[in-house]
Amino acid sequence: MTATLDNFQRQLSKVIPAPRLLTKLSQRIAFSTDASFYHKVPKLVVQIATREEMQALLRLAQQYEVAVTFRAAGTSLSGQAISDSVLVLLTRDWQHGEVLEQGAKIKLQPGVIGAHANQKLAAYGRKIGPDPASINTCQIGGIAANNASGMCCGVKHNSYHTLDSISFVLADGTHVDTGNAASVAAFRKSHKKLLQALEELAEQVRANPQLSDTIATQFRLKNTMGYGLNALLDYHDGLDILAHLLIGSEGTLGFIADITYRTVAVPQASATGLYLFPDSHAACAVIPALKAIGVEAVELMDDRSLQSVQPLLAKLTPVTPPQGAVALLIEIGRDDHQTLQQALQQLEQRLTSFQALCPMSTDKTTGQALWQIRKGLFPAVGAVRERGTTVIIEDVAVPLEALPDAVIALQDLFDQHGYHEAIIFGHALDGNVHFVFTQGFETPQEKAQYAAFMDAVAKLITERFAGTLKAEHGTGRNMAPYLYAQWGGDGLAVMQRIKALVDPQGILNPGVILNDDPQAHLQDLKLMPPVNATVDACIECGFCEPQCPSLHYTLSPRQRIALMRRNANRSAAEQHAINNDFQHLGIDSCAATGLCATACPVGINTGAWVQELRAEQAQHQRTANWIAGHQQGVESIARFALTAARPLSKLQQKRPELPPAAQQLMTTSATAVHADKVIYFTTCPNRVFATAGQEPLAQVVQRLCAKAGIHLQVVEPKGHCCGQPYLSKGYPSQAEDKQQALRDYLWQLTEQGRYPVVFDASPCALQVHDLEGIQCYELAAFLQQCVASKLHMTPLTEPLMLHVTCSSRHLDQGQSLRALAVQCSTQVIEPEQIQCCGFAGDKGFSQPELNASALAPLAEQVPAHCKHAVSNSRTCEIGLSHHAGKAELSYRHIAYLLDELSSANEQTKELV
């Protein structure tokens with residue numbers, strides 16, 4: 001095998017550039033896990049940029065009989081996205097989407113994140129049908145390959161039923177686009193025998209009444225157990241059959257190069273509520289009535305589920321659900337508010353006998369909070385598990401009338417097998433429930449416990465309830481041994497025939513869906529040794545990854561944690577090598593902004609862990625102490641150095657050009673007592689870096705406040721600092737000292753907290769947002785909340801580029817900055833695929849590759865004649881200007897544009 005793989009890699013290197021062939025152990029281990037509880041270390045990781053590269057790779061794989069596995073976002077819950085052979089990833093070149101027919105259809109490449117597809121469709125009032133809980137992270141390739149569904153999707157809106165056309169590559173490297181007549185004609189000619197064989201197989205299935213009835217029955221439910229045999233009943237043409245078999249095939253039949261969906265309408269008015277029932281029978285009894293009314297979703301949560309999210313529930317309701325109770329999260333949508341109100345009246349009549357934990361409400365904030373509770377159930381269990389255990393989620397579906405008994409029967413199984421923390425929740429309209437429990441795999445007894453439980457589940461669902469063992473998450477590795485239990489010999493034989501026809505050499509994702517080993521689900525189990533208390537709760541779901549600026553440069557937060565976990569069981573020599581690599585991959589290249597925590601269901605801040613590691617390595621305590629004690633002088637030196645070095649910085653292209661040095665700060669004297677007086681604190685970045693061609697930011701803000709009739713006092717910073725640079729570099733004690741000194745200084749200036757303080761850089765504002773006794777504003781938030789409404793605005797009608805900084809996302813999810821931008825322009829463009837710029841204080845200068853990688857998608861999204869670009873952090877603006885792709889476009893603080901476009905309104909003119 002090694003020699004074969006070497007030959008394969010040697011030939012592949014003629015097609016794929018060396019940087020996209022990942023061979024180092026540390027890189028391969030970082031991709032050895034997905035969101036499941038399995039672990040396989042690939043021998044080679046390949047990053048593919050084009051369809052032609054994929055075709056070449058598959059031809060070589062077939063020639064050398066090398067197994068390949070496709071991976072999208074790696075949020076797979078059943079082990080579909082891992083390999084001990086060749087793991088194939090997609091570069092960012094696969095993230096194109098095109099809206100067609102006024103939103104009625106959308107054509108998407110496999111690297112598009114599901115939520116981003118819906119963002120493209122939002123203006124048309126449409127969305128894609130699938131809506132998995134991981135939609136903010138998972139990618140279209142994975143959604144289609146697993147036939148993912150979700151809360152509101154049901155059966156009729158999944159990828160299978162909303163497929164319009166599909167472009168795919170088979171194991172032999174052949175590409176076909178079913179939406180292109182010429183491509184179809186060529187494929188029908190080149191693969192005539194394959195298509196005929198599929199048509200003959202479909203005829204054989206239709207001629208078997210028992211098997212046909214089983215297929216029809218199973219696919220009336222949500223069902224992703226095995227291949228989509230319903231394609232053999234629904235279609236007669238071989239290409240139609242093949243196209244629909246690819247949906248849900250988990251990468252075992254071919255590579256999906258793009259897919260065109262028929263979209264579904266988004267309700268224009270909706271309401272959400274949470275209701276409590278005494279038991280599952282009472283809850284399930286109302287579901288047919290809810291279905292008849294036409295609700296969008298009904299999510300069931302058992303009593304253990306409710307207990308696991310009680311802290312979140314307590315924010316919405318004073319009621320503590322009693323033991324044995326069941327809740328239903330209900331969402332209803334209509335085309336207009338009047339129709340919605342009529343439907344709500346019908347709904348409330350049905351629910352009048354039951355307690356409302358949170359009554360039906362059209363408030364979007366309440367609705368989002370309720371859905372966050374529901375989506376957080378899976379990780380909530382994982383976050384409180386015992387150290388060293390993993391979290392497992394399975395999903396089954398049963399006929400709706402059997403749902404209450406199935407819930408009770410599953411709860412009995414939990415107790416019988418010792419899973420007392422297990423919870424049940426799911427999509428009640430479809431009879432589809434998930435169950436989550438924690439499991440260790442360290443000992444033979446633990447493995448035996450899991451094996452016995454899964455055998456019992458398989459028997460319960462298939463024999464007693466005639467249900468399906470996998471409703472949404474795909475067969476994967478953990479249910480492959482139970483394929484016969486659900487489908488019997490005839491169904492299994494048909495699936496084996498499909499695989500043999502489409503992938504005769506079995507090179508595509510072997511061991512997934514079809515697996516001859518009855519113990520396959522007990523092999524390659526993931527161990528979860530503790531790494532650090534800050535991150536040990538991580539379940540490796542991958543929700544954090546789209547937020548991370550180093551994702552396409554070194555490692556994501558999940559990969560940092562996974563690498564250190566897997567490192568614990570490597571040899572001493574391998575550990576040494578991995579630790580050396582981790583210095584750059586894990587520590588030095590981390591922006592440490594904590595943006596990952598905003599997407600993590602349990603709020604894990606991997607950046608905080610990295611800061612702890614930096615603190616452990618910090619070797620310059622005396623230097624840090626000296627700088628902290630002489631910061632005012634250090635800033636003067638920095639401004640001098642900028643002036644001297646700036647001409648030279650223009651001669652290189654790798655790093656951003658150094659900005660001009662800031663001018664001497666012009667402070668204002670203390671004014672008389674005013675109720676609306678505000679203290680303005682100039683932060684370190686703005687004390688060192690000026691904005692080229694612009695007057696000092698403090699003067700602009702003074703002018704804006706004067707227009708609004710607000711008394712602004714610009715104070716002398718005197719070397720005070722929020723402490724963030726010290727914390728980021730690994731000097732937490734110096735950071736704490738600086739913050740305390742700043743607090744004492746501001747306490748005096750504000751007359752013991754009497755006046756608010758505005759900080760003019762968003763990272764600094766985040767660092768001090770909870771200073772005891774002092775009301776602190778981030779500048780953009782202050783302008784939006786206190787100033788803009790008192791101004792007369794003449795907005796631009798031309799494009800405005802907006803970057804929402806990490807710190808603004810932490811502070812208010814970027815709402816203030818976005819609101820200001822909308823007041824400044826009718827065409828606000830917030831680039832896709834960029835959450836953090838990766839400048840991270842000074843890393844844009846010291847490690848420019850991070851900044852470049854994070855902002856790689858920026859330049860192509862800037863309109864040709866765009867003149868304006870704004871943000872609210874000086875250092876971020878430096879990197880953004882460098883990577884915008886247009887020399888004439890420079891990012892600056894939004895206050896500059898606000899000042900240019902505003903004047904005092906009639907109500908405040910008298911105060912100016």
Side-chain angles (χ1 to χ4, degrees), residues 544-557 559-560 582-599 605-615 617-618 624 627 638 654-659 683-686 688-689 721-732 734-735 738 759 761-768 778 803-811 814 831 833-858 871-884 891 893:
C544 57
E545 292 192 337
Q547 313 295 317
C548 181
S550 62
L551 173 63
H552 298 283
Y553 173 42
T554 51
L555 299 177
S556 71
Q559 292 167 345
R560 288 179 168 90
F582 192 74
Q583 184 63 47
H584 171 64
L585 295 176
I587 300 176
D588 295 342
S589 62
C590 178
T593 61
L595 198 59
C596 46
T598 64
N605 186 338
T606 307
W609 171 47
V610 170
Q611 288 175 346
E612 291 177 43
L613 295 176
R614 290 174 182 168
Q617 298 177 350
I627 292 174
K654 185 177 180 180
R655 291 174 174 80
E657 177 185 329
L658 292 173
T683 58
C684 308
N686 289 307
V688 175
F689 302 123
C721 167
C722 69
Q724 195 274 336
Y726 300 91
L727 185 63
S728 179
K729 295 295 183 184
Y731 296 96
Q734 288 84 352
K738 293 297 289 185
F759 288 80
S762 58
C764 308
L766 175 63
Q767 193 70 16
V768 300
E778 184 272 320
H803 175 72
V804 179
T805 58
C806 305
S807 37
S808 283
R809 295 177 192 274
H810 279 294
L811 287 165
Q833 306 163 34
I834 298 173
Q835 298 295 318
C836 171
C837 72
F839 205 92
D842 64 353
K843 284 191 180 297
F845 297 127
S846 64
Q847 197 158 141
E849 297 86 356
L850 174 62
N851 187 221
S853 178
L855 294 180
L858 175 60
S871 189
N872 62 339
S873 169
R874 185 69 201 105
T875 51
C876 298
E877 292 154 18
I878 295 169
L880 288 159
S881 299
H882 180 70
H883 293 286
Y891 277 76
H893 198 284

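Counting begins at 1 with the first residue of the sequence. Not measured: the values here are computed from a predicted model.
- Screening Pro831, Cys836, Cys837, Ser873 for a side chain to side chain contact (heavy atoms under 4.5 Å, CB included) with His803, the sole residue that qualifies is Cys837.
- For the pair Ser589 and Tyr553, the tightest heavy-atom approach, listed with the atom from each and the gap, is CB-CE2, 3.7 Å.
- Under the 30°/60° scheme for interplanar angles, the aromatic rings of Phe845 and Phe839 are found to stand perpendicular.
- With sequence neighbours left out, the side-chain hydrogen bond (donor to acceptor under 3.5 Å, both in side chains) criterion links Ser807 to Ser762, Thr805.
- Here the straight-line distance linking atom CZ of Phe689 with atom CD of Glu877 works out to 11.5 Å at 0.5 Å rounding.
- In this structure, the side chain of Arg809 does not engage the main chain of Leu595 through any donor-acceptor pair within 3.5 Å.
- Annotation: side chain of Asn851 is not in contact with side chain of Lys843 (no heavy-atom distance under 4.5 Å).
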task = Dump the intermediate steps for side chain to side chain contact (heavy atoms under 4.5 Å, CB included) on Asp842 and Thr875, then the final yes or no.
result = CA-CA 7 Å; Asp842 64 353; Thr875 51; over 6 Å; no

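- With hydrogens and angles ignored, the 3.5 Å screen pairs a side-chain donor or acceptor of His810 with a backbone N or O of Gly594.
- Here the closest heavy-atom approach between residue Pro732 and residue Ala615 is recorded as CD-CB, 3.9 Å.
- Atom CD in Gln547 sits 8.5 Å away from atom SG in Cys596 (nearest 0.5 Å).
- With 3.5 Å as the limit, one finds a donor-acceptor pair spanning the side chains of Glu778 and Asn872.
- The two residues Ala735 and Gly723 make their nearest non-hydrogen contact at CB-O, 3.2 Å.
- Lys729 contributes no side-chain N or O that, together with a main-chain N or O of Ala618, makes up a donor-acceptor pair within less than 3.5 Å.
- Shown here for Ala599 and Cys544, the closest heavy-atom pair between the two residues is CB-CA, 4.3 Å.
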message = Walk me through whether His883 and Tyr891 qualify under ring-ring contact (aromatic ring centres under 6.0 Å, His included).
response = CA-CA 10 Å; His883 293 286; Tyr891 277 76; over 10 Å; no

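- Here Leu880 contributes atom CG and Leu858 contributes atom CG; the two are 6.5 Å apart, rounded to the nearest 0.5 Å.
- Of all the heavy atoms in Pro659 and Ile878, the pair that sits closest is CG-CD1, 3.6 Å.
- For the pair Ile627 and Gln734, the minimum side-chain heavy-atom distance is 4.5 Å or more.
- In this structure Glu849 satisfies the salt bridge (charged side-chain N to carboxylate O under 4.0 Å, His left out) test together with Lys654, sequence neighbours excluded.
- The minimum heavy-atom distance between Thr606 and Arg560, with the atom names listed, is CG2-CD, 4.4 Å.
- From Lys738, atom NZ reaches atom CD of Gln767 across 13.0 Å, with rounding to the nearest 0.5 Å.
- Scanning for side chain to side chain contact (heavy atoms under 4.5 Å, CB included) contacts around Arg655 gives Gln652, Pro848, with sequence neighbours left out.
- Side-chain contact check for Cys590 versus Gln611: every heavy-atom pair is 4.5 Å or farther apart.
- Within the model, atoms CD1 of Ile587 and CD of Glu612 stand 11.5 Å from one another, a figure rounded to the nearest 0.5 Å.
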request  = Decide yes or no on side chain to side chain contact (heavy atoms under 4.5 Å, CB included) for His893 and Arg874, but give the supporting numbers first.
outcome  = CA-CA 7 Å; His893 198 284; Arg874 185 69 201 105; over 6 Å; no

Side chain to side chain contact (heavy atoms under 4.5 Å, CB included) between Gln583 and Asp588, worked out = CA-CA 6 Å; Gln583 184 63 47; Asp588 295 342; 3.0 Å; yes

